[in-house]
Asker: 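Let me give you the structure first, and then I'll get to my questions.
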There are 2 protein chains.
Amino acid sequence: MSGVGGDQPEIDGPQTDADDSSLGVRARSRARIEASIRKAAEEVFAEMGFEGASTSLIAKRAGLPKANLHYYFKTKNDLYQFVLRDIIELWLNTAQEIQPDADPATALAHYIGQKIDLARDRPIASRVFANEVLHGAPRFDRFMRQDLKDWVERKSAIIEEWIGRGKIDQIDPKHLFFMIWSTTQTYADFSIQIAAVLGRRELIESDYQLAAKQITHIILKGCGLKAPDA
Amino acid sequence: MSGVGGDQPEIDGPQTDADDSSLGVRARSRARIEASIRKAAEEVFAEMGFEGASTSLIAKRAGLPKANLHYYFKTKNDLYQFVLRDIIELWLNTAQEIQPDADPATALAHYIGQKIDLARDRPIASRVFANEVLHGAPRFDRFMRQDLKDWVERKSAIIEEWIGRGKIDQIDPKHLFFMIWSTTQTYADFSIQIAAVLGRRELIESDYQLAAKQITHIILKGCGLKAPDA
DNA sequence: GGATTGTTTGACCGGAGGGTTAAAGGATCG
DNA sequence: CGATCCTTTAACCCTCCGGTCAAACAATCC
């Protein structure tokens, strides 16, 4: 039906994002269309929120009639979930360097850098996520109460271990994550505000660089760490 | 018309919030009704965003028919501006302790504490603000490009002065403000996420206390400051 | 008290939005 | 080629929404 409900196995094969070859004409066109819908939907959801987004506007931006969009995604909610799933991936695939035997300063600096990169490269995805959480995460509960909670607990345990070994000040790891998330994502979610204060129309590369540098500096120093060699 | 357009002088008198006496029956009831509308509107705007909010739901929550709400506020946009104005006040009235001859550690600690208090006491207002900025601040530009920018420049100049006198590390003041804003407001805007990760239904007093303590600790230490005596 | 002005409310309007239908147009496979 | 399945699209339906209206009601002023 919707091609996304997950109840029928997707065509398998190499999982790289641009594997057009070795698929039939239809599968190929479906993949292209779904991608363009996703892009349009992400933009519109980010700009107007779930309620404000209209499927007809998404369809128009994706370059197809509304009825056709509803052929690929039965409901606006289905489409929204599809967009969210992608964004959740981004989230959970960060902080891989935070490992028990890593150097805390290096690992945290890397994580902060990664998060700032995301804010710069995928601000729209970040805004859809922020919007969802801001409005009470009604379509999102399981992710936060399970996947994300587990993620934080795993990573926090590592930081506790660092603390136990005296490699880092005694801080609360969870609140440290809240701090890193907020300081970095603010450059995506509230970039309009930051740009306005900086007197720009939009943020430029050096803004992100300075942000990453200063956030890293303050958080590392604040946790009793020295800047990594890199 | 709307009683809020500002084109007719409000009844003057003491400006405390609860000055019901010494007003006619009408002015008193108008004040009460506007307050209840504001509260309802703030909630609904925070929950659903501007587009998602319906005037009939706001009216219902305020306990009056929709047509009556439209008697007090001609359009949804008018009502929204009314709500936003209140929230902007909150913003600009913070950080009064950041003054040239104040002790940086004390002043920053106080500011952070004040911001966390706001996150705890007025999370709904904070969310309306966040939502507006998140969606490009279409109804908000002047505030950010003028009032807020000026505010930041004034406060940043003070911090520059601190730096010049060697009272604090050489950091970028504006990005320091972005850091303080984001770390504190995240406890209002994304409290659902934080609560979920902490395994709670909602944040409790000790969460805010720990947050304030740790944010203050990390930022002060990160800026080369010692915790204030207080 | 009577005129005037401010307030309340149910009914109404035009428009937009999410979603459906049905019929036509292509691809695929035997 | 013909049957089957997938895809496209205009037209349609129903609900909800922001906003208006007009008539009733209440406070205020002379």
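Quick note on labels: first sequence line is chain A, next is B, and so on, each numbered from 1.
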Asker: Would you classify B:Ser29 as touching base, sugar-phosphate or nothing, given that sugar-phosphate means primed atoms plus P, OP1 and OP2, and contacts are heavy atoms under 4.0 Å?
Answerer: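 Contact class for B:Ser29: none.
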Asker: May I have the distance from A:Phe73 (atom CZ) to C:dG17 (atom P), rounded to whole angstrom?
Answerer: 20 Å
Asker: Let's see if you can work this out: which of C:dG10, D:dT9, D:dC17 has an atom nearest to the side-chain heavy atoms of B:Pro65?
Answerer: C:dG10
Asker: Base, sugar-phosphate, or nothing for A:Ala59, non-hydrogen atoms under 4.0 angstrom?
Answerer: nothing
Asker: At under 4.0 Å, does any side-chain N or O of B:Tyr71 touch on OP1 or OP2 of D:dT20?
Answerer: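 Negative; the distance criterion is not met.
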Asker: What verdict does the side chain to side chain donor-acceptor pair (under 3.5 Å) test give for B:Glu132 and B:Tyr80, after you've listed the backbone C-alpha separation in whole Å, the side-chain angles of each residue and the deciding distance to 0.1 Å?
Answerer: CA-CA 10 Å; B:Glu132 178 62 19; B:Tyr80 188 62; 2.5 Å; yes
Asker: Students often get this wrong, so: under 4.0 angstrom with heavy atoms, is A:Ile58 touching a base, only sugar-phosphate, or nothing?
Answerer: nothing
Asker: Given atom CE of B:Met48 and atom P of D:dC16, what is their separation to the nearest angstrom?
Answerer: 13 Å
Asker: Is there a donor in the side chain of A:Gln214 and an acceptor in the side chain of B:His175, or the other way round, less than 3.5 Å apart?
Answerer: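 The answer is no; no qualifying pair exists.
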Asker: Which nucleotide sits closest to the side chain of A:Thr75: D:dG18, C:dT9, C:dG19?
Answerer: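 For the A:Thr75 side chain, the nearest candidate turns out to be C:dG19.
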Asker: Could you state the atom-to-atom distance from NZ of A:Lys60 to C1' of C:dG18 in whole Å?
Answerer: 16 Å
Asker: Per the atom types in the model, does the base of C:dG19 pair as donor or acceptor with the side chain of A:Lys66 at under 3.5 Å?
Answerer: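 Answer yes: a donor N or O sits under 3.5 Å from an acceptor.
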Asker: Calculate the interatomic distance between B:Arg28 atom CZ and C:dT7 atom P; express it in whole Å.
Answerer: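 These atoms are roughly 14 Å apart.
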Asker: Counting side-chain heavy atoms from CB outward, which of C:dG18, C:dT9, D:dT20 is closest to B:Asn68?
Answerer: C:dT9
Asker: When you get a sec, tell me which of D:dT20, C:dT8, C:dT20 is the closest nucleotide to the side chain of A:His70?
Answerer: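 Among D:dT20, C:dT8, C:dT20, the one nearest the side chain of A:His70 is C:dT20.
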Asker: The side chain of A:Ala67 is closest to which nucleotide in this list: D:dA10, C:dT8, C:dG18?
Answerer: D:dA10
Asker: Using every non-hydrogen atom in the two residues, find where B:Gln99 and B:Ile158 come nearest and quote the distance to one decimal.
Answerer: C-CG2, 3.5 Å
Asker: What's the closest nucleotide to the side chain of A:Arg30 if the choices are D:dT8, D:dT7, C:dG17?
Answerer: D:dT7
Asker: Among B:Trp181, B:Phe45, B:Trp91, exactly one meets ring pair (Phe, Tyr, Trp, His ring centres under 6.0 Å) together with B:Phe129. Which residue is that?
Answerer: B:Trp91
Asker: Look at all strands and tell whether B:Leu57 reaches a base, only sugar-phosphate, or nothing, counting heavy atoms closer than 4.0 Å.
Answerer: nothing
Asker: How many whole angstroms separate atom NZ of A:Lys76 from atom P of C:dG17?
Answerer: 9 Å
Asker: Verify whether one side chain among A:Ser191 and A:Arg127 offers a donor that lies under 3.5 Å from an acceptor in the other.
Answerer: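 Yes, a side-chain donor-acceptor pair sits under 3.5 Å.
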